[in-house]
Amino acid sequence: MQQRSIETIVPAPQFEEGGGFIVHRPFPTAQIDHLDPFLLLDEMGPVTYGKGEAIGAPDHPHRGFETVTYLLAGEMQHRDSAGHAGGLRPGDVQWMTAGAGVVHSEMPSDHMMREGGAMHGFQIWVNLPRADKMARPRYQEIPSERIPTWRSADGRVSIKVISGKVESTHAVIETHTPIVFLHLTLEPGASFTQSIEAGFNAFAFVFDGTLEAGGSIGVVRPHTAVVFRHDGDAVTIRAARDEHPLQALLLAGKPIGEAVARYGPFVMNSREELVQAFEDFQSGRMGHIPAEVVH
Ligand code: FE2
């Protein structure tokens with residue numbers, strides 16, 4: 001296999017989203033707008049809230065893409081304009097196809113709002129092709145125990161296969177366009193090679209431990225994205241000989257190759273479609289969260 005080389009390293013410094021929500025965001029930033037089909041990566045936290053301090057994202061809309069939430073620590077609850085409600089615990093994944101539009105809230109659980117605690121996780125926005133942007137909203141809610149884990153023969157590499165596959169270990173989540181989404185844990189000094197299809201954009205995001213990149217880059221520390229070139233058919237992730245394991249996400253996807261028009265929570269193909277999305281939201285055509293939903 002021909003290894004892909006590293007194109008760029010993108011630090012994701014901590015900042016506060018509206019309302020004081022702490023994230024590390026490698027893109028969209030001034031350096032990278034998006035990595036087709038990936039529109040956004042947020043590392044939520046890590047943060048430890050005191051009693052009554054936990055915050056989330058109250059009612060807001062989405063149209064034209066998918067939001068993927070993967071929780072590592074804490075508890076979240078979700079409600080939407082179609083009356084759907086659910087919870088997320090560590091290791092769970094929610095793959096939401098917003099499609100034509102939802103209005104939803106993403107908040108810490110009631111228990112966490114009261115008592116505080118550690119919150120850490122990820123939200124990734126995956127674009128939809130034109131033909132699927134106005135699809136009916138759909139949820140795939142996968143509890144941790146249903147996410148398959150691949151382990152190397154020597155036990156030094158373990159991988160949660162959230163979408164795509166590692167060798168013969170296949171994810172349970174279905175995606176509109178081909179997406180690989182892996183959570184890698186490598187013991188110090190271990191390495192792992194994943195084949196990546198030609199033409200796919202691929203990047204890793206380091207969030208614990210140290211990645212050994214070698215060459216002029218040296219090592220890559222947490223809260224940093226590593227974007228790969230298209231010059232090979234595999235990527236190798238190597239953990240430095242550190243005191244503790246490397247943890248990273250590895251994402252790859254087939255580019256959609258269409259125009260991206262984005263404004264806040266809407267991602268369409270043209271400015272006119274964005275205006276339409278905004279009007280549909282303003283006039284209530286994406287619905288409201290019913291007050292009587294009990295979660
Ligand atoms: Fe959202």
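When a residue number appears, it is its place in the shown sequence, counting from 1. One-based numbering, in listed order, for ligands and for the atoms of each. Only heavy atoms go into these numbers, but all of them, side chains included; no hydrogens, no water, no symmetry mates.
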Of the protein N/O/S atoms, how many lie under 2.8 Å from the Fe ion (ligand 1)
4

Check the orientation of F278 and Y263. Use parallel for under 30°, tilted for 30 to 60°, and perpendicular for over 60°.
perpendicular

is_close_aromatic(F122, H183), centroid dist under 6.0 Å
no

Can we say R138 and E174 salt-bridge, meaning some charged N sits less than 4.0 Å from an Asp/Glu carboxylate O?
yes

With distance as the sole criterion, is a donor-acceptor pair present between the side chains of Q31 and T8 under 3.5 Å?
yes

Which of E106, Q140, E66, H62 passes side-chain contact (heavy atoms from CB on, under 4.5 Å) with M96? It is H62

Can you list everything that forms a salt bridge (Lys or Arg N to Asp or Glu O under 4.0 Å) with R25? Sequence neighbours excluded, please.
E17, D42

